[in-house]
Structure formats: C-alpha cells, structure tokens
Engineer: 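Starting off with a structure, shown below.
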Amino acid sequence: SDLVAIGDSASFRSTGAFYTVTVGSKAGMNNIGGDFNTYVGYHSGRTNANSFNTFVGALAGDSSNFGGNTYVGTEAGRYSWTSFNNTLIGRQAGRTINGGDAVTAVGFRAGYQSNSSFNTFLGAHAGENHLTGTGNVFIGYLTGHYDSTNSSNIFIGNEAGKYSEGSSNTFVGTGAGRNSTSGVNTFIGLGAGRNNTGNNNIALGVNAGLNMEGYYNQAIGRNAGKNT
C-alpha cells in the first residue's frame, strides 16, 4: 500500500491506506482507508480517515476527519471535524473550524473558529472570532477580529474592521472601519470611517468619516466629514 509510518503508534490502525506517510507519535493513528496523506508531528491527523491531506505540526488536524486539507503549525485545524479543501498555516490557525470549506487562514489564530466557507484570513488574529458569514477577506493583524456573523467584507490593514458589524464593507488602512456598525460602506485611509454608524457611506483620507452618522455620505480628504 506504499505506507510509511515512523513513530510510536503511527498509522497504528491504518488499513487500506495507499501512498501515505505518517511521522510522529500517533500520527495518522486511525487512518482507515485514507489515501495520499502526509501527517508529520505528534498526533497529526490522528483520527482522520479521509484522503489528500497534508498536516504538519504537533496536533495539526488531530481530530479532523475530512479531506483535501493542508494544515501547517501546532494545533492548526486541530478540531476541524467536517471541513474540506482548507489551507490553515500558523499556530492554532483555524483550530476549531467546523463545517467551513475552502477557507484560507494564515497566521497565529487566524480564522480560529470560523464555521463558514470561502473566507480568507491573513495575519495574526485575523478573523479570530468569526463564526458565520461567507466571502470575507481579512488581511492584516487583528483585521475583522470581532466580526462574527457577516459576509462579503474586505478589510485590509492592521485592525481594519476590528470591531465592525455589517456586511459588504470595504475598509483599507490601519484602523479603517474600526467600530463601524453598519454595512455597504467604503472607507480608505488611516482611521477612515472609524466609529461609523450609517450605511452606504464613502470616506477617503486620514480619519475621513470619523464618527460619521447617517447614510449616503461622501467624505474625501483628511478629516473630511469628521463628526458628521
């Protein structure tokens, strides 16, 4: 079956597993029928019986049981029980993803508990508390950190959209859209749209649209539309 197993109880209960490599104590221990897998690290892929997985790191994919996943880092995807085709890189990246497919999470605790599909989280703590909502892109340290249930958001920049609520927002810049509570907004610039409470607003510039209220506002320039 072209099975390579190195380590205490590595592939211990493995049967019918073709083209699989398990390295580490209890790595791939219960791989029954899963093919084309690579499990490297203590308990990596311990309970997985599916195919086309690559888990590297202690406890990476430890309790995962679906296929087509790549998890790299200690506890990356550790409890991702029912997820396909995910890429999780970094310590505890996507640690408790359950039911989300085609998720990319790169960075410490990025996408830590996201349970929905087609999301991209890049940066330490990016989307860490995201639970549901699809089609999001969070890039930067703490981007969308507390955005838990929203969809179709693009946050780029450290702490962009950190405490935001609402869907279909585009926030670009450090702290852009931080604490924004509505949707369909476009804020570009350092601190742009911070503390915004309205929707369908556009703010371009440093601190443009800071504390903005209301709807269909356009603020362009440094401090433009501040406190309006």
Side-chain angles (χ1 to χ4, degrees), residues 22 24-32 34 37-155 158-167:
T22 59
S25 176
K26 296 182 174 61
M29 179 176 174
N30 296 296
N31 181 33
I32 300 173
N37 294 304
T38 300
Y39 302 144
V40 178
Y42 170 75
H43 276 226
S44 61
R46 180 177 58 91
T47 65
N48 198 293
N50 221 294
S51 301
F52 305 107
N53 293 302
T54 299
F55 300 158
V56 179
L59 298 168
D62 176 40
S63 297
S64 172
N65 199 30
F66 278 71
N69 296 301
T70 300
Y71 303 156
V72 179
T74 299
E75 290 194 281
R78 181 177 182 181
Y79 297 111
S80 60
W81 292 298
T82 58
S83 300
F84 287 101
N85 302 320
N86 294 307
T87 300
L88 312 176
I89 301 175
R91 183 160 66 92
Q92 295 187 340
R95 183 177 183 266
T96 59
I97 283 181
N98 187 15
D101 302 325
V103 172
T104 299
V106 179
F108 173 57
R109 293 175 73 100
Y112 181 84
Q113 56 187 332
S114 180
N115 294 323
S116 50
S117 302
F118 315 118
N119 293 303
T120 299
F121 308 128
L122 305 180
H125 302 287
E128 180 174 347
N129 294 291
H130 185 79
L131 297 174
T132 60
T134 62
N136 295 293
V137 177
F138 300 160
I139 301 176
Y141 173 67
L142 288 171
T143 51
H145 186 246
Y146 292 103
D147 183 291
S148 60
T149 60
N150 302 300
S151 300
S152 303
N153 289 309
I154 298 175
F155 302 156
N158 292 346
E159 297 195 13
K162 181 178 179 181
Y163 297 100
S164 74
E165 301 174 10
S167 297

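As the structure is a prediction and not an experimental result, all values here were calculated from the model. All heavy atoms count here, side chains included; hydrogens, waters and symmetry mates do not.
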Engineer: Name the one of E75, R95, E128 that satisfies side-chain hydrogen bond (donor to acceptor under 3.5 Å, both in side chains) with Y112?
Structural biologist: R95
Engineer: A side-chain contact here means heavy atoms from C-beta on lying under 4.5 Å apart; do F55 and N37 qualify?
Structural biologist: no
Engineer: Taking all heavy atoms of G73 and all of A60, pick out the closest pair and write down the distance.
Structural biologist: O-CB, 3.7 Å
Engineer: Supply the atom-to-atom distance Y39 OH to T22 OG1, rounded to the nearest 0.5 angstrom.
Structural biologist: 9.5 Å
Engineer: Using side-chain heavy atoms (C-beta onward) and a distance below 4.5 Å, is N85 in contact with D101?
Structural biologist: no
Engineer: Determine whether Y79 and S63 make a side-chain contact, defined as any pair of heavy atoms from C-beta on separated by less than 4.5 Å.
Structural biologist: yes
Engineer: When rounded to the nearest 0.5 angstrom, what distance separates CG in D62 from OG in S44?
Structural biologist: 8.5 Å
Engineer: How long is the straight-line distance from CG of N30 back to OG1 of T47, given to the nearest 0.5 Å?
Structural biologist: 7.0 Å
Engineer: With the side chain counted from C-beta on, respond yes when D147 and F138 share a heavy-atom pair under 4.5 Å apart, and no when they do not.
Structural biologist: yes
Engineer: Mind checking the OH-OG1 spacing from Y71 to T54? Nearest 0.5 Å is all I need.
Structural biologist: 11.0 Å
Engineer: Tell me the closest heavy-atom pair linking N86 and N69, and the distance in Å.
Structural biologist: N-OD1, 2.8 Å
Engineer: As a quick check of understanding, evaluate side-chain hydrogen bond (donor to acceptor under 3.5 Å, both in side chains) for N48 and S64, giving each step before the final call.
Structural biologist: CA-CA 5 Å; N48 198 293; S64 172; 3.2 Å; yes
Engineer: Within the 4.5 Å heavy-atom criterion, are N65 and W81 side-chain neighbours or not?
Structural biologist: no
Engineer: Enter the distance from F84:CZ to F52:CZ here, rounded to the nearest 0.5 Å.
Structural biologist: 11.5 Å
Engineer: Does N53 use its side chain to pair, donor to acceptor, with the backbone of F66 at less than 3.5 Å?
Structural biologist: yes
Engineer: Please walk me through it: do H145 and Y163 pass side chain to side chain contact (heavy atoms under 4.5 Å, CB included)?
Structural biologist: CA-CA 7 Å; H145 186 246; Y163 297 100; 5.8 Å; no
Engineer: Work out which heavy atom in N98 is nearest to a heavy atom in N115; give both atom names and the distance.
Structural biologist: N-OD1, 2.9 Å
Engineer: Below 6.0 angstrom between ring centroids: does that apply to F108 and H125?
Structural biologist: yes
Engineer: Closest heavy-atom contact between G99 and S83?
Structural biologist: N-OG, 3.2 Å
Engineer: Using a cut-off of 6.0 Å, state whether more than 12 heavy atoms not belonging to Y141 lie near its atom OH.
Structural biologist: no
Engineer: Looking only at heavy atoms, what is the nearest atom pair of H130 and N150, with distance?
Structural biologist: CE1-O, 3.3 Å
Engineer: Rounded to the nearest 0.5 Å, what separates atom CD1 in I154 from atom OG1 in T143?
Structural biologist: 12.0 Å
Engineer: Please check: side-chain N/O of N119 versus main-chain N/O of G135, any donor-acceptor pairing under 3.5 Å?
Structural biologist: yes
Engineer: Can you name the nearest heavy-atom pair linking S116 to G133, along with the distance?
Structural biologist: OG-O, 2.5 Å
